[in-house]
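All ligand and atom numbering here is 1-based and tracks the order in the structure. No hydrogens, no waters, no symmetry mates; every other heavy atom, side chains included, goes into these values. The structure displayed is predicted, hence computed values, not measured ones.
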Amino acid sequence: MPSLNQPNSHRPQKSFQPVLKLKNFLNRVKGNPVETDLSAYRKIVEEIKFHNLSQLPDGELRIMSKRLIDRISSGTLPEGLLVEAFALVREASRRTIGLKPYDCQMIASLATAQGKIAELPTGEGKTLAAVFTAYLHALSGRGVHILTFNDYLARRDAAWMGPIYEFLGLKVGCIQEGMSPPDKRAAYACDVTYSTAKEAGFDFLRDQICYKKEDMVHRPFHLALVDEADSILIDEARLPLVISGVGDRATWDASSLAALVKTLIPGKDYETDAEHRNVFLTDQGQERLEAGFGCGGLYNPQNHRLLEAVYCALHAEALLRRDIDYIVRTGKIEIVDEFTGRVVDNRHWPDGLQAAVEAKEGLARKSEGRVLGSITLQHFFRLYPKLCGMTATARPAADELKEFYGVAVVVVPPNKPSIRVDLQDAVFTHKDAKQRALLREICEVHARGRPILVGTASVKESEELAADLREAGIFCHVLNAKNDELEARIIAQAGMSGAVTISTNMAGRGTDIKLGGADEKERDRVVALSGLYVIGTNRHESLRIDQQLRGRAGRQGDPGSTRFFISLEDDLFGRYGLQEMFYKRHRLTPQLEALEQGTIHKEIEHAQRIIQGQNFDIRKSLWKYSSLVETQRKIIQEWRERVLDSEAPPELLFQKAPDLYAQGLARFGREKMAEMERRLTLYHIDRCWSDHLAWVTDTRESIHLVSLGGMTPLQEFLKSATSAFLEIKPKVEDAVVVAFESMVKREGPVDLDAEGMKGPSSTWTYLVNEDQFGWGIEMLKGSNIGFAGGAAAAYNGLLYVLTLLLNRFFGKKK
Ligand code: ADP
Ligand code: MG
């Protein structure tokens with residue numbers, strides 16, 4: 001857990017400490033991860049404001065800042081300097097970028113400075129709030145990372161806030177995808193670095209396969225402040241980041257498999273579950289495939305890889321929908337993100353599934369790489385000793401944030417109270433009725449000139465709606481481009497009178513929608529029209545995502561309203577079989593008017609909560625799988641670092657093959673021997689680890705099938721992954737000895753580069769869309785390791801014991 005929350009590591013200002021302590025204590029007793037009582041924070045804010053620096057010349061402020069740095073280096077903890085540091089930032093902000101921070105911004109940053117997640121509504125100025133925390137914790141000279149939602153925002157925020165840091169004598173840097181390693185190293189060497197979480201994570205993975213310490217770009221991690229924290233810490237976080245290199249792993253012939261699977265008949269040869277997340281072969285389907293392959297029993301152990309490939313092909317055929325789950329563009333599969341509804345760059349499904357979808361679409365398979373390293377964002381964030389964040393929608397995610405990161409949520413009200421009106425959903429029996437009402441509503445409201453922002457669930461839906469509107473003579477902007485900066489510019493105009501903007505879920509996130517753009521007169525006009533009208537065309541699986549959309553309206557006390565138009569035929573209901581339930585319970589027949597039944601709204605919300613809870617459970621179970629691999633990764637990383645560390649004397653050959661070692665020493669000398677052993681060991685660690693990752697992926701992709709045989713997948717997985725891992729060390733040692741032996745026995749000089757004892761010649765990085773297999777659901781069904789407290793605790797205990805064992809085995813030495 002982040003040490004921020006540990007006793008002593010983070011002490012708030014002395015005089016308020018007892019108050020904060022008591023509050024936190026009470027919260028813990030109540031088991032409530034949400035803090036709403038802000039009185040203790042308000043007192044500190046008063047003290048900060050009392051520290052008025054407005055009369056001092058610039059030079060004096062700089063000297064004060066320098067003095068704070070000196071005090072930190074002589075041992076004062078950051079929290080001891082809280083009031084002075086915040087007062088300095090407050091004044092510097094006013095002088096450099098012309099913004100006088102609001103109390104709510106300082107309260108939010110007090111919370112983040114203490115390792116919490118601050119909830120502050122959209123448009124309240126979280127970008128500036130982050131600066132206080134970053135400045136305070138960067139005084140120590142250990143870098144602070146501010147992790148943003150996309151590259152454009154990292155760039156924008158670093159440039160926008162840069163003058164404040166520089167005024168106070170700190171350096172600020174910004175990471176962009178594709179930057180050269182020296183530029184990245186320089187940016188990470190700054191006191192404060194803005195980057196996307198993804199890129200920081202990819203850089204970490206690249207560092208993990210370096211052959212020289214000086215090639216690494218990161219410094220040791222210190223503090224991460226995550227903007228849009230719920231999206232990044234929860235929605236994006238379960239996706240593993242992957243680094244691949246040129247490799248040699250063979251795959252199944254996916255195209256003939258796809259052809260065979262296409263001949264299967266849905267409902268007869270295979271069935272999908274109600275959630276449409278899983279697909280199963282029936283006996284008939286199994287027989288047809290066995291006959292088609294002439295392979296004997298599909299479930300026989302020797303057909304294990306074929307079975308896995310079959311399930312990938314079935315999944316691709318039956319569950320993944322072109323133009324909804326993915327699109328095909330310029331001969332490539334591009335995945336559509338379920339949360340944003342947008343095409344995401346650089347994302348793959350797990351290897352087998354990716355190959356199957358490419359085969360389904362008849363695309364040529366790209367050259368296969370081998371996975372060299374992988375980490376989920378969730379585990380990546382936990383590498384930071386201190387973690388905190390900000391978002392407009394933290395409260396609904398509080399339980400999850402607590403569970404995965406151990407961080408509490410502090411809810412900060414806006415500077416001006418919100419007067420946004422959230423209208424009751426308009427619920428229709430079927431899609432067509434919804435579509436007509438939606439169009440009518442947009443036409444009527446638009447006729448008055450009021451700006452409208454429509455949030456859709458998918459690219460396809462956006463485009464269909466745009467076509468309908470154009471037909472009705474209404475011009476609209478559709479945001480589904482890949483260019484974040486362009487999107488930001490368009491969305492910034494969404495509050496102009498007469499504007500109709502259609503956007504998938506999170507396009508243009510982080511950009512402020514000012515009513516009337518920048519023009520005061522325009523603004524008054526739009527205010528008179530009741531501000532921005534936000535329409536959602538679907539309820540999302542997560543209430544939180546719906547709230548993010550609503551938050552686009554009514555910023556900084558502006559007028560605005562929001563409304564969702566939904567139909568019982570929407571994906572959300574169809575996927576869980578809820579549509580029929582609603583029809584039956586309310587004796588419905590399709591009708592054009594919105595439903596009047598009051599209870600139906602409550603039931604819809606209830607259903608949404610249940611789905612949300614189920615997804616939480618799935619994430620918890622995925623977490624358990626990835627936790628084991630992460631434990632293993634850390635052990636390998638420590639081993640690798642010991643080898644990489646030039647101070648540490650080599651020992652492997654000396655211990656494992658003393659005679660060979662003596663021969664080598666006589667022939668090559670001590671220094672060359674050390675270099676050879678180091679390079680050989682690094683090479684074989686990387687290779688064996690890569691093999692292990694491939695094995696883990698295969699096993700995971702197929703392990704849910706064991707539940708069909710009545711076993712518990714998680715336990716099976718733990719068992720086999722552990723024994724596979726234990727083989728790594730002897731394998732590496734043997735391989736090093738064998739390789740060394742051949743070098744000693746050979747005549748002539750030894751060139752390690754020519755022998756291929758170096759890192760991969762090219763690498764690439766991507767995110768994996770993991771959840772596709774519905775493993776989670778399968779695990780929930782098949783596993784008797786439930787999620788009740790006791791069972792979860794037992795699981796954690798098991799993992800702990802495993803970690804101890806593995807650490808001992810790999811001989812952690814200090
Ligand atoms: P958020 O990230 O919370 O949605 P931003 O940081 O994008 O909000 O800021 C939203 C808008 O508020 C920006 O236009 C910014 O200039 C403005 N703003 C932020 N802080 C202040 C302040 N203290 N006084 C006036 N305007 C502010
Ligand atoms: Mg923001």
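- Note that Arg563 lies in the cation-pi zone of Phe565, set by a 6.0 Å cut-off to the ring centre and a 45° limit from the axis.
- The residues Arg42 and Asp103 are annotated as not salt-bridged, no charged nitrogen and carboxylate oxygen being separated by less than 4.0 angstrom.
- Ion pair Glu91/Arg95 flagged as a salt bridge, since at least one NZ, NE, NH1 or NH2 atom sits closer than 4.0 Å to an Asp/Glu carboxylate oxygen.
- Considering His379, His222, His145 as possible partners of Tyr384, the one that fulfils the ring pair (Phe, Tyr, Trp, His ring centres under 6.0 Å) test is His145.
- With respect to atom 20 (N) of ligand 1, the closest heavy atom belonging to the protein is Gln105 NE2, 2.8 Å.
- With values rounded to the nearest 0.5 angstrom, Leu549 atom CG is found 11.0 Å from Gln547 atom CD.
- Nearest protein heavy-atom contact of atom 26 (N) of ligand 1 is Leu99 CD2, 3.6 Å.
- Residue Lys514 has at least one N or O atom closer than 3.5 Å to an N or O atom of ligand 1.
- The cationic atom of Arg382 (NZ for Lys, CZ for Arg) does not lie both less than 6.0 Å from the six-membered ring centre of Tyr405 and within 45° of the ring axis.
- Annotation: atom 17 (C) of ligand 1 to nearest protein heavy atom, Gln556 NE2, 4.0 Å.
- Of all protein heavy atoms, the one closest to atom 7 (O) of ligand 1 is Thr127 OG1, 3.8 Å.
- With Arg94, Lys100, Arg156 as candidates, the residue nearest to atom 23 (N) of ligand 1 on a non-hydrogen basis is Lys100.
- Every atom of ligand 1 with a heavy atom of Thr122 under 4.0 Å away is listed here by number and element: 4 (O).
- Of the protein's non-hydrogen atoms, the one nearest atom 16 (O) of ligand 1 is Trp160 CZ2, 3.5 Å.
- Polar contact with ligand 1: present for Lys126 (N/O pair, distance under 3.5 Å).
- Of all protein heavy atoms, the one lying nearest to atom 8 (O) of ligand 1 is Gly125 N, 3.1 Å.
- A salt bridge is absent between Lys402 and Asp399: the closest approach of a Lys/Arg side-chain nitrogen to an acidic carboxylate oxygen does not fall below 4.0 angstrom.
- Annotation: atom 4 (O) of ligand 1 to nearest protein heavy atom, Gly123 N, 2.6 Å.
- The residue Phe149 has no part lying near ligand 1, judged by heavy-atom distances below 4.0 Å.
- Nearest non-hydrogen protein atom to atom 25 (C) of ligand 1 is Tyr102 OH, 3.1 Å.
- For Arg509 and Phe149, the positive end sits near the middle of the six-membered ring, less than 6.0 Å away and at most 45° from its axis.
- The minimum heavy-atom distance linking Phe221 with Pro385 is given by the pair O-CD, 3.3 Å.
- Compare Ile513, Asp512, Thr391 by their heavy atoms: the one nearest to atom 10 (C) of ligand 1 is in Asp512.
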